[in-house]
Amino acid sequence: MRAIVVHEGGDPEVLKLEEVPDPVPTEGQVLVRVEAAAVNHFDITQRMAPEMTGATPPFTPGVDAAGTRVDTGERVLVTGALGAYAELLAAPAEDVRPIPDSLDWARAAALGVAYKTSWASLADAELKAGETLLVQAGSSGTGQAAIDIGHHLGAKVYATASRSKHDRLRELDAEPLAYDDERIAELQADVVFDPVLGEGLERSLAALAPGGRLVTCGALDSPMVSVNMWTVVGKRLRIIGSGGGSVTPEQVDHIVELVANGELRGPVVDRELPLEQAAEAHRLIENRETFGKVVLKP
């Protein structure tokens, strides 16, 4: 089969398309023929520094795919199983979830990490109907998912992005803000979803109302941050770490159902690229030239 293989960490050019042996599923695994594989920021981190994610080269990256079970022909989403950038993927059975015919391959693959992460984050932040949510990096895959889930939960949603992407945010019914918009400090948000951190963390904390909650699932910018703790103490703020790892298979099924029946909009797919353009997909995301998800097609 064809697969993307990483032999050493580095720039996007280390993503090599190669012919490799077909995977053989072991006990408890399912073999899936991949029709679409979503690209996540986790994949970029893994490509740049495999040791940070527990991967040992050579390996095939990617943890989200949609396709058909080889044994039954059932349409499925695979999420959380390494090796998605390939024509075939052997995955633990619990990571393989059924999807309806109404959900196309690209959007199904894009559901995985982004929606699991945002679902867990807003649950951990205890976002409630009627509250105000600020989503940092609203044009990212997780940001777009957080906007979607925030609306589903009944929140008023604001989102930051570069000005060129503000119309796209409006299409998602989010009030757009530039990253340096002075109105951020006046939002009095109940919850801030911040997957960026870095120097922007202070703006996220300033956006919160007294008793507000900041939830983060990672750091698109630097994870090393400086915090004025008097802001945290004075406003009785909570800073919460979260991630998609806590989402159960049954919750994944529920998210799929909500997208299928229209209660969630579902992922925005920016573009689909052939598998051999995996390096280009990574470059586009790293250069912030996308809105939503990029999907690879084997």
Side-chain angles (χ1 to χ4, degrees), residues 41 79 110-161 168-177 179 181 183-197 200-220 225 227 231-232 235-248 250-259 261-268 292-293:
H41 277 279
T79 180
L111 263 178
V113 166
Y115 271 73
K116 288 194 303 182
T117 299
S118 296
W119 185 274
S121 295
L122 297 183
D124 287 340
E126 300 175 352
L127 180 67
K128 295 181 282 293
E131 292 190 321
T132 296
L133 168 67
L134 170 63
V135 176
Q136 295 281 25
S139 64
S140 68
T142 53
Q144 177 263 311
I147 292 170
D148 195 5
I149 295 166
H151 279 307
H152 172 70
L153 295 173
K156 167 66 175 176
V157 182
Y158 295 81
T160 58
R168 299 291 302 276
L169 290 178
R170 291 187 183 96
E171 291 173 4
L172 300 178
D173 296 324
E175 181 66 31
L177 297 166
Y179 288 105
D181 195 311
R183 291 175 294 170
I184 290 176
E186 303 168 359
L187 273 186
Q188 295 291 292
D190 300 285
V191 174
V192 174
F193 174 78
D194 188 349
V196 183
L197 298 183
L201 176 60
E202 287 291 349
R203 288 191 290 272
S204 290
L205 294 174
L208 286 167
R213 295 90 72 194
L214 182 145
V215 63
T216 182
C217 58
L220 300 181
V225 297
V227 177
T231 302
V232 176
K235 294 167 69 173
R236 307 182 316 283
L237 305 180
R238 285 192 285 151
I239 299 175
I240 304 161
S242 188
S246 63
V247 174
T248 66
E250 292 74 24
Q251 287 174 314
V252 173
D253 293 341
H254 182 55
I255 293 169
V256 169
E257 180 183 6
L258 291 174
V259 174
N261 66 24
E263 292 186 55
L264 286 173
R265 289 176 183 263
V268 174
K293 300 292 290 185

message = Is there a side chain to side chain contact (heavy atoms under 4.5 Å, CB included) between W119 and L258? Walk through the geometry before answering.
response = CA-CA 12 Å; W119 185 274; L258 291 174; 3.7 Å; yes
inquiry  = Is there a side chain to side chain contact (heavy atoms under 4.5 Å, CB included) between L237 and L214? Walk through the geometry before answering.
reply    = CA-CA 8 Å; L237 305 180; L214 182 145; over 6 Å; no
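In terms of heavy-atom proximity, A155 sits nearest to L127 at CB-CD2, 3.9 Å. Scanning all heavy atoms of the two residues, the minimum distance from S242 to V215 falls at CB-CG2, 3.8 Å. Of all the heavy atoms in P210 and Q188, the pair that sits closest is CD-OE1, 3.6 Å. Closest heavy-atom contact between V135 and G143: CG1-O, 3.5 Å. Heavy-atom minimum distance, P195 versus A137: CG-CB, 4.4 Å. Residues G150 and V157 approach most closely at C-CG2, 4.1 Å, considering heavy atoms.
Atom CZ of R213 is separated from atom CG of D190 by 5.5 Å, given to the nearest 0.5 angstrom. To the nearest 0.5 Å, atoms CD (E263) and NE2 (H254) are separated by 7.5 Å. Taken from CD1 in I149 to CD in Q144, the straight-line distance is 9.0 Å, to the nearest 0.5 Å. Interatomic distance, CD1 of I255 versus NE2 of H152, reported as 9.5 Å (0.5 Å rounding). Between atom CG of residue D124 and atom CZ of residue R238 there is a gap of 10.0 Å, rounded to the nearest 0.5 Å. Once rounded to the nearest 0.5 Å, the distance linking CG of L111 with OG1 of T79 reads 9.0 Å.
For the pair D148/Y115, a side-chain contact is recorded, criterion being any heavy-atom separation below 4.5 Å from C-beta on. Side-chain contact between L133 and L122 is present, with heavy atoms from C-beta onward closer than 4.5 Å. Between R265 and L172 the shortest side-chain heavy-atom distance falls below 4.5 Å. At least one side-chain heavy atom of L187 sits less than 4.5 Å from a side-chain heavy atom of L177. With a 4.5 Å cut-off on side-chain heavy atoms, S246 and K116 do not count as touching.
Using a cutoff of 4.0 Å between basic side-chain nitrogens and carboxylate oxygens, R183 and E186 are not scored as salt-bridged.
The main-chain N or O of Y179 is found under 3.5 Å from a side-chain atom of R203 such that the two form a donor-acceptor pair. A donor-acceptor pair under 3.5 Å links the side-chain atoms of K235 to the main chain of L205, judged by distance alone. In terms of modelled atom types and a separation under 3.5 Å, the side chain of K293 and the main chain of P267 share no donor-acceptor contact.
When T142, D194, T216, T160 are each tested for a side-chain hydrogen bond (donor to acceptor under 3.5 Å, both in side chains) with Q136, only one passes: T160.
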